[in-house]
Colleague: 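I have a structure here, written as structure tokens, and I will follow up with some questions on it.
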There are 2 protein chains.
Amino acid sequence: MNISEAAQHAGLPAKTIRYYEDIGLVTPNRDTNGYRVFSAQDLHKLTFLARSRALGFSIEDCRALLALYEDQTRASSDVKRIAAEHLDEIEAKISDLVAMRDTLSELVRACSGDDRPDCPILKGIEHAKGPARKP
Amino acid sequence: MNISEAAQHAGLPAKTIRYYEDIGLVTPNRDTNGYRVFSAQDLHKLTFLARSRALGFSIEDCRALLALYEDQTRASSDVKRIAAEHLDEIEAKISDLVAMRDTLSELVRACSGDDRPDCPILKGIEHAKGPARKP
DNA sequence: ATAAGGTTTCCAGTGACTGGAAGGTCAAGA
DNA sequence: TCTTGACCTTCCAGTCACTGGAAACCTTAT
């Protein structure tokens with residue numbers, strides 16, 4: 001199976017698959033013409049990667065998860081630790097974004113949005129509390 | 001006022017302020033020794049930038065907002081449009097993250113996290129629905 | 001023979017910083 | 001006066017996870 005078909009099946013752009021090979025996440029064989037040939041196992045890996053990326057895991061997390069996925073003697077605690085840490089990061093990002101949304105939606109609501117210069121949004125930014133914690 | 005004091009007041013790292021000068025967001029004067037000298041107006045701009053960044057606006061949005069902030073003849077509709085578009089992006093990100101969280105927290109909950117290899121998280125990734133839309 | 005479409009590699013750019021090296025400047029203390 | 005340490009300067013490289021584009025090679029159909 002060539003790269004564009006593999007891309008189709010895995011739900012990833014071909015460019016991304018080449019990149020994943022570059023950084024050692026997959027190592028498809030090569031045909032005599034130099035084209036990549038994807039096996040069923042390669043496809044499983046790519047699909048796994050596409051889905052773990054869609055859950056927001058970093059590439060390095062994906063690398064670790066993939067190794068555990070292929071290791072039949074893994075401990076599920078190793079998987080759970082990675083997932084739980086990532087879950088915490090997601091929760092933190094949600095909190096940050098919800099705080100932004102609450103502030104911003106109030107400012108947008110208060111702004112008349114006409115051709116006059118008076119603007120509660122600019123005033124709100126000017127007088128806002130300092131930035132929260134860093135993401 | 002030198003850069004580290006300005007950084008203190010604005011709530012930004014000095015490195016970031018230099019970067020903002022690089023990309024033309026602020027243009028502090030220079031002392032005879034080459035040191036940057038920040039005026040009260042520079043400080044207002046930096047504070048405005050720190051706060052709009054903390055609300056998640058992109059640098060280019062901040063550039064536009066800063067121009068409107070300084071333009072006494074602006075129309076508040078221009079500000080509101082930028083803010084409302086950003087608000088939509090934030091809402092979309094929140095939706096994505098909440099979907100990730102819901103999936104992931106269920107998987108983490110289901111995983112025993114012991115030393116056995118059986119793992120609902122890996123199974124869940126393997127059998128998940130395809131990725132949602134791109135962020 | 002040619003055209004269209006797939007594939008290869010490699011290089012550069014994205015956003016918004018951040019780290020680090022190498023060197024100039026300043027104020028205080030011995 | 002000299003030295004120390006804390007500032008400040010510029011410039012270059014790296015981050016993350018791709019993405020775009022160029023130039024060239026391969027395959028298939030007409």
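Proteins come first, then strands; the chains are lettered A, B, ... in the order of their sequence lines, and each starts at number 1. Computed from a predicted model, the values in this text were never measured in an experiment.
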Colleague: Within the side chain of B:S52, is there an N or O that forms a donor-acceptor pair under 3.5 Å with the backbone of B:C62?
Modeller: no
Colleague: Grab the CD-C1' distance between B:E21 and C:dC17 for me, whole Å please.
Modeller: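 Value for this atom pair: 16 Å.
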Colleague: Report yes or no: does B:R36 contribute a side-chain atom to a donor-acceptor pair with the main-chain N or O of B:N2 at less than 3.5 Å?
Modeller: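 The answer is no, because no donor-acceptor pair under 3.5 Å joins these two groups.
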Colleague: Taking for each residue the nucleotide of DNA chain D bearing the nearest heavy atom, is the 5' side occupied by A:N33 or by A:K15?
Modeller: A:K15
Colleague: Can you tell me the distance, in whole Å, between the CD atom of B:E5 and the P atom of D:dC8?
Modeller: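 B:E5 atom CD is separated from D:dC8 atom P by 9 Å.
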Colleague: Please state whether the phosphate of D:dA17, meaning OP1 or OP2, lies under 4.0 angstrom from any side-chain nitrogen or oxygen of A:T16.
Modeller: no
Colleague: Looking only at side-chain N and O atoms, does A:R36 come under 4.0 Å of OP1 or OP2 in C:dT7?
Modeller: no
Colleague: Please state how far atom CG in A:D22 lies from atom C1' in C:dA12, giving the value in whole angstrom units.
Modeller: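 After rounding, the gap between these two atoms is 14 Å.
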Colleague: Tell me whether the rings of A:F57 and A:H86 are parallel (<30°), tilted (30 to 60°) or perpendicular (>60°).
Modeller: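 If you compare the ring of A:F57 with that of A:H86, the planes turn out tilted.
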Colleague: Which comes earlier along DNA chain D counting from the 5' end, the contact point of A:S58 or that of B:Y35, where each point is its nearest nucleotide?
Modeller: B:Y35
Colleague: Do any side-chain nitrogens or oxygens of A:R53 fall under 4.0 Å of OP1 or OP2 in D:dC18?
Modeller: yes
Colleague: Quickly work out the B:I23 CD1 to C:dA16 P distance and round it to whole Å.
Modeller: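 After rounding, the reported distance stands at 8 Å.
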Colleague: Counting distance only, does the side-chain N/O of B:K80 pair as donor-acceptor with the main-chain N or O of A:C111 below 3.5 Å?
Modeller: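 Yes, B:K80 side chain to A:C111 backbone: donor-acceptor pair under 3.5 Å.
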Colleague: Is any side-chain nitrogen or oxygen of B:R18 closer than 4.0 Å to OP1 or OP2 of D:dT9?
Modeller: yes
Colleague: Which is true for A:Y20 with a 4.0 Å heavy-atom rule: it touches a base, it touches only sugar-phosphate, or it touches nothing?
Modeller: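 Sugar-phosphate contact only - A:Y20 comes under 4.0 Å of backbone atoms but never of a base.
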Colleague: How many Å lie between CG on B:D31 and P on D:dC8, as a whole number?
Modeller: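 Rounded to whole Å, this separation is 12 Å.
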Colleague: With no hydrogens and no angle check, is any side-chain donor or acceptor of B:S105 less than 3.5 Å from a backbone partner on B:R101?
Modeller: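 Checked: pair present.
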Colleague: How long is the line joining CD of B:Q8 and P of D:dA6, in whole Å?
Modeller: 16 Å
Colleague: A:L12 CG to D:dC18 P: how many Å, rounded?
Modeller: 8 Å
Colleague: Below the 4.0 Å mark, does D:dC26 have OP1 or OP2 next to a side-chain nitrogen or oxygen of A:R30?
Modeller: no
Colleague: How many Å lie between CD1 on A:I17 and P on D:dA17, as a whole number?
Modeller: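 After rounding, the gap between these two atoms is 17 Å.
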Colleague: Return no unless some side-chain N or O of B:Y19 is found under 4.0 Å from OP1 or OP2 of C:dG15.
Modeller: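 No, B:Y19 has no side-chain N/O under 4.0 Å of OP1/OP2 on C:dG15.
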Colleague: Pick base, sugar-phosphate or nothing for A:I3, based on heavy-atom distances below 4.0 Å to the nucleic acid.
Modeller: sugar-phosphate
